[in-house]
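Here's the structure, in structure tokens; my notes come after.
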Amino acid sequence: MNYSFNPYNPQIKLKGILEKIIYKNPENNYIVARFKIDNENNIETVFGSIIEVNAGEHIEITGEFVNNPKYGRQFKMTNANILPPATNEGIEKYLGSGLIKGVGPATAKKIVSHFKEKTLEILDNDINRLNEIDGFALKRIKKIKEEWAAQSKIKDIMIFLQSLEITPAYAKKIFIKYGNDSINTIRKNPFQLCDDIFGIGFKIADRIAKNAGIEKNSIFRIRAGILYILEQLQEAGNCYFPYELLLNQAKEFLDVEINDIKKTLNILETEKDIIISDNKIYLTQTFLDEKFVAGQLVKLKAEPSKTNLNLISIESQIREISKFYRMEIDEDQQEAIKSAVYEKILIITGSPGTGKSTILNYVLKILERDNKRVKLAAPTGRASKRLSETTGREAKTIHRLLEYNPKLNTFSRNKFNKLSCDLLIIDEASMIDIKLMKNLLEAIDLRTKIIFVGDADQLPSVGPGNVLNDMINSGVFKIVRLNKIYRQFGKSRIIYNAHRIRDGIYPNLFSKADDENVNDFYFIEKQEPEEAVNVILKMLYYNLPQKFGYDPLKDIQILVPVNKGIAGVENLNLKVQEKFNKNSVKIIRGHTEFRLNDKIIQLKNDYEKDVYNGDIGFIRNIDFNLQEFKVDFGDKVVTYNFYDTDEISLSYAISIHKSQGSEFKCVIVPILTSHYMLLQRNLLYTAITRAKELVVLIGSKKAIGMAVSKNNVENRYTRLNNLLSMLNTC
């Protein structure tokens, strides 16, 4: 057997090819794999937490053989080093493993068949000899040459970073960002990675710094740690955080002295990274954004509108439109329409089914009759598409409305180039965070009229701030609150139960349709997570498609309160993928497989690709030669590089938070007592109001009761409410 053994050190060293990775946990680099020992036919099962390695690589592993009672003999690894491939087979697997853009398994086979064991030497020293092989034109050779040179440099970086536990995927991103200066940058200040490399946060950088011998009270570390805490608090929705609370959090998180934290806060304030005001600590830009939003809203309200119509004219036009289109509206709706036309800034808030769309359509008809220019927008692509469908007019995402330029990271519509419209309607306003609101208001002419439409009872924005609720609670603006249910003449159980949940009343649960005309809300009682998962799969695969004719992947969406656990997002995605998509063409990243035709969701705004957080699509092509895959989002097809997989996730099941602004024909919602940590009223309310036609709750009555009774509305640290009230009285 090809291994070395030292009697004074019982650990064994084996050299060979990593044939196949069976299981991988990216959080601790733990793998279970099949390993072929050099010059032998034996294939061993190996396991352990080691440096990032890829299938097909030639490696040397250190460890010992152990006997697993269930699986038999296995090799427990304690260390691994990447070696140059030693055999033609190893070289072929190495080249075709996806490490080199433009070289897939078929191309690798052709190259190795021609050059045999000299392949790597020729690629290093005389790569132009690829022209000896059919199909290798000069342009293709040039591209492979560039990729091989880049990969060689990445390998140099990997050798340096092996002890620092940085994965090849991140190594490639580091190289793209820093080039030949990668190692020097990391040696000098690994926390720079937090700012520059998407996916590398403080915790990864801190581990790298620790392995590199950087002291825990280093100014670089404390500075990065404080900014990380503030960014995390901002991601949780806060615009600021109280000074003393931040000191305590930083002390516990960084394990350093309070005085060191105070000194670093002073440095950060001097460098204008943060602003400390009234014992509130802000990231500087967020402080400026919140202040600007308050001031601009008050200015907009005070400035006369371009759409001045008197109330008599409005009433007359409402009657004419109702008669012409044979529409009937009640007094409440008429008053809402009058306010919508008359007020300079108006907020319309109400649950689904309360007539928001009807009011908007009247307003649009009235103002368009008067030749007023109207624009419509919403925070997300899905929300803007729904707005367009309900109004019959073009609606854009706010980013498209403001003509975002991803290369410059700027909006073309801004204070120097205002939007040209008399009325701007913004739907799903509860999703707007303080940063997007700042950019929007900056581009609006002071005489433009604005209508904000949203459901204040839904979950707040993903980003910092609680803009819609702060505007409502400030008392500065006219509010139209819609409570009466109009959709399906009030017979929709979805809407009926949504209102009950919103008001803290237990919903009416039905296991079958008592009224043949109303069968849009069902409850299936299951206590255990395993049972709930099995029922979800059965509903998705058989019951709902057969009874309602739904496409299980396009029409039905599983919405889940939590990510982890048996009935969490991650496990449900794996279960549904296993059931619906057995495609062998796939990309493996960490413990996730992205297969051809998988349903995925975008996790972050990527303005260059013009895809946004929450967009859902399907993988329609995977190109191993170009290291690219294409995702069909319905209205566009977007190309991703393999290393962009950290931007997406499987979306057979998604979190309820991710569903904001979306609408699906049918939603399945598991709700169990094991979800207790996140169960609350507005979460369940948001989930069921995502459904257009059908809701299926699967779980326990107790869990539903826990959610309905818990109305701990998220306490975000924002100051917009107070700023608006203060400025309005000045």
Side-chain angles (χ1 to χ4, degrees), residues 314-315 318 322 327-343 345-364 378 383 386-387 390-391 425-432 450-460 466-509 518 520-521 660-661 663 680-693 695 704 707-711 713-714 721:
I314 297 171
E315 290 172 352
I318 290 173
S322 296
M327 298 170 66
E328 291 185 11
I329 55 173
D330 59 23
E331 288 186 11
D332 291 342
Q333 289 174 306
Q334 288 186 47
E335 289 304 312
I337 294 164
K338 290 177 189 176
S339 295
V341 176
Y342 188 74
E343 294 290 335
I345 294 180
L346 179 72
I347 298 170
I348 301 175
T349 182
S351 305
T354 53
K356 296 191 293 292
S357 298
T358 300
I359 292 166
L360 287 184
N361 280 314
Y362 267 86
V363 172
L364 288 167
R386 284 176 56 205
L387 180 59
T390 56
T391 61
I425 295 174
I426 302 295
D427 198 14
E428 294 289 355
S430 63
M431 297 179 67
I432 301 177
I450 312 175
I451 299 175
F452 293 101
V453 184
D455 187 346
D457 295 306
Q458 281 191 38
L459 294 167
N466 200 358
V467 175
L468 182 64
N469 274 291
D470 280 349
M471 289 174 65
I472 291 171
N473 295 331
S474 70
V476 172
F477 308 104
K478 171 74 175 179
I479 313 295
V480 171
R481 298 179 188 273
L482 304 174
N483 294 306
K484 189 182 294 184
I485 302 172
Y486 295 98
R487 187 185 294 179
Q488 294 182 28
F489 305 100
K491 292 183 180 179
S492 167
R493 286 181 182 149
I494 296 174
I495 305 303
Y496 173 71
N497 277 329
H499 281 246
R500 288 177 70 89
I501 291 166
R502 182 198 64 185
D503 296 335
I505 304 169
Y506 198 90
N508 283 337
L509 304 177
V518 186
D520 62 356
F521 193 101
Q660 285 177 268
E663 186 177 69
Q680 60 183 30
R681 190 181 302 170
N682 62 353
L683 193 77
L684 181 56
Y685 172 84
T686 299
I688 69 170
T689 55
R690 298 308 89 210
K692 188 176 181 181
E693 298 177 3
V695 168
I704 294 171
V708 172
S709 63
K710 188 177 179 183
N711 193 31
V713 178
E714 192 176 336
N721 181 347

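Given the structure is predicted, the values throughout are model-derived calculations rather than measurements.
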I'd like to know if the side chain of [X] reaches the main chain of [Y], judged simply by a donor and an acceptor atom lying under 3.5 Å from each other, with no hydrogens or angles considered.
{"X": "Asp457", "Y": "Thr349", "result": "no"}
{"X": "Asp503", "Y": "Ile505", "result": "no"}
{"X": "Lys356", "Y": "Gly350", "result": "yes"}
{"X": "Arg681", "Y": "Val708", "result": "yes"}

Can you tell me how far the [atom1] atom of [X] sits from the [atom2] atom of [Y], to the nearest 0.5 Å?
{"X": "Ile450", "Y": "Ile345", "atom1": "CD1", "atom2": "CD1", "value": "5.0 Å"}
{"X": "Leu459", "Y": "Asn466", "atom1": "CG", "atom2": "CG", "value": "10.5 Å"}
{"X": "Lys692", "Y": "Ser492", "atom1": "NZ", "atom2": "OG", "value": "12.5 Å"}
{"X": "Ile704", "Y": "Ile501", "atom1": "CD1", "atom2": "CD1", "value": "7.5 Å"}
{"X": "Thr354", "Y": "Ile495", "atom1": "OG1", "atom2": "CD1", "value": "8.0 Å"}
{"X": "Ile688", "Y": "Leu683", "atom1": "CD1", "atom2": "CG", "value": "11.5 Å"}

Discussion item. Going by the rule salt bridge (charged side-chain N to carboxylate O under 4.0 Å, His left out), which residues pair with Glu335 if we only count those two or more places apart in sequence or in a different chain?
Written reply: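 Partners of Glu335 by the salt bridge (charged side-chain N to carboxylate O under 4.0 Å, His left out) criterion, ordered by chain and then number, come out as Lys338.
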
For [X] and [Y], work out which heavy atoms get closest and say how close.
{"X": "Pro460", "Y": "Asn682", "answer": "CD-ND2, 4.3 Å"}
{"X": "Ile451", "Y": "Ala340", "answer": "CD1-O, 3.6 Å"}
{"X": "Asp455", "Y": "Pro352", "answer": "OD2-CD, 3.7 Å"}
{"X": "Ile494", "Y": "Asp520", "answer": "CG1-O, 3.4 Å"}

Results of side chain to side chain donor-acceptor pair (under 3.5 Å) for [X] - residues two or more places apart only:
{"X": "Glu428", "result": "Arg386"}
{"X": "Asp427", "result": "none"}
{"X": "Ser351", "result": "Arg502, Tyr685"}
{"X": "Ser322", "result": "Tyr362"}

Worksheet item: Under the side-chain contact (heavy atoms from CB on, under 4.5 Å) criterion, do Arg690 and Gln458 qualify, and how do the steps go?
Response: CA-CA 10 Å; Arg690 298 308 89 210; Gln458 281 191 38; 2.8 Å; yes

Just list the side-chain donor-acceptor pairs under 3.5 Å for residues 472-481, sequence neighbours left out, or say none.
unit_1	atom_1	unit_2	atom_2	d
Asn473	ND2	Asn469	O	3.1
Ser474	OG	Met471	O	2.8
Ser474	OG	Val476	N	3.3

Item to complete: With the side chain counted from C-beta on, respond yes when Arg500 and Asn508 share a heavy-atom pair under 4.5 Å apart, and no when they do not.
Response: yes

Worksheet item: Would you call Val341 and Ile318 a side-chain contact if the rule is heavy atoms closer than 4.5 Å?
Response: no

Worksheet entry | Evaluation steps, side-chain contact (heavy atoms from CB on, under 4.5 Å), between Leu360 and Leu387 | CA-CA 10 Å; Leu360 287 184; Leu387 180 59; 4.3 Å; yes

Fill in: Working for side-chain contact (heavy atoms from CB on, under 4.5 Å), residues Ile359 and Leu482
CA-CA 10 Å; Ile359 292 166; Leu482 304 174; 3.7 Å; yes

Practice prompt. Let me see the working for Ile425 and Thr391 under side-chain contact (heavy atoms from CB on, under 4.5 Å), right down to the final yes or no.
Written response: CA-CA 11 Å; Ile425 295 174; Thr391 61; over 6 Å; no

